Amino acid sequence: QVQLVESGGGLVQAGGSLRLSCVASGSIITFYAMGWYRQAPGEQRDLVATVTSGGTTNYGDSLKGRFTISRDNGKNTVYLQMNSLKPEDTAVYYCSARATYFGGDYWGQGTQVTVSS
């Protein structure tokens with residue numbers, strides 16, 4: 001079984017920064033892609049950013065420039081550096097990993113990020 005464990009969430013003031021981490025363990029040695037999604041209460045789960053094992057990144061709308069995703073394949077770890085945080089960034093942030101190009105998805109339990117105005 002694959003397990004993804006997120007850490008680094010918390011409460012910050014607007015304009016502040018946080019760095020989220022997600023460590024994967026289990027039967028998958030190297031995931032095709034790893035990334036972050038977020039979900040606010042009553043809203044859909046939206047893409048934040050993903051990165052493939054080859055280093056290709058993809059960011060959600062309006063997030064590139066403030067958020068930076070990075071990955072350490074050897075450590076099975078993905079990071080999300082969040083700068084210039086805004087109250088609208090408040091959400092539960094979920095780590096995700098895809099086993100292959102065609103699918104096979106896993107999710108972490110989520111970590112709360114709250115940005116005060």
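Side-chain atoms are counted along with the backbone in the values below, which use heavy atoms only and exclude waters and symmetry mates. Values in this document were obtained by computation on a predicted structure and should not be read as measured data.
Taken to the nearest 0.5 Å, the CG atom of L80 stands 9.5 Å off from the CZ atom of R38. Rounding to the nearest 0.5 Å gives a distance of 7.0 Å between CD1 of I29 and CG of N76. Here the straight-line distance linking atom CG of L18 with atom CG of L11 works out to 9.0 Å at 0.5 Å rounding. If you take OG1 on T57 and CZ on R71, they are separated by 12.5 Å, rounding to the nearest 0.5 Å. One distance of note links CG of D61 with CG of D46; it measures 9.0 Å at 0.5 Å rounding. Rounding to the nearest 0.5 angstrom, the gap separating the OG atom in S27 from the CD atom in Q1 is 7.5 Å.
Scanning both residues, D89 and S84, for their nearest heavy atoms gives OD2-O, 4.5 Å. The two residues A24 and M34 have their closest heavy-atom pair at CB-CE, 4.1 Å. Considering every non-hydrogen atom in both L4 and C22, the closest pair reads CB-SG, 3.9 Å. In terms of heavy atoms, S21 sits closest to Y79 at OG-CD2, 3.3 Å. Taking every heavy atom of both residues into account, S117 and P87 meet most closely at CB-CG, 3.8 Å. Across S17 and N83, no two heavy atoms sit closer than the pair OG-OD1, 2.9 Å.
With V113 as the partner, the side-chain contact (heavy atoms from CB on, under 4.5 Å) test is satisfied by one option alone out of L20, T90, V92: L20.
The same ILVMFWY cluster, assembled from side-chain heavy atoms under 4.5 Å apart, contains both Y59 and V51. Placement of L63 and L47 in two distinct hydrophobic clusters is found when ILVMFWY residues are connected by side-chain heavy-atom separations under 4.5 Å, directly or transitively.
For the pair N73 and F31, the minimum side-chain heavy-atom distance is 4.5 Å or more. Taking the side chain as every heavy atom from C-beta outward, F67 and L85 approach each other to under 4.5 Å. At a threshold of 4.5 Å between non-hydrogen side-chain atoms, the residues W36 and M82 do not count as touching. Side-chain contact check for E6 versus Y93: every heavy-atom pair is 4.5 Å or farther apart.
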Steps toward ring-ring contact (aromatic ring centres under 6.0 Å, His included) verdict (Y32, Y101): CA-CA 6 Å; Y32 167 72; Y101 175 83; 5.6 Å; yes
Criterion salt bridge (charged side-chain N to carboxylate O under 4.0 Å, His left out) on R98 and D105, from CA distance to verdict: CA-CA 4 Å; R98 173 161 285 186; D105 296 334; 2.7 Å; yes
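Side chain of Q3 to backbone of G26: no donor-acceptor contact under 3.5 angstrom is found. Between the side chain of T77 and the backbone N or O of V23 there is no donor-acceptor pair closer than 3.5 Å. Of the possible donor and acceptor atoms, none in the side chain of Q81 sits under 3.5 Å from a partner among the backbone N and O of T68. Without hydrogens or angle criteria, Y106 side chain to A99 main chain gives no donor-acceptor distance under 3.5 Å.
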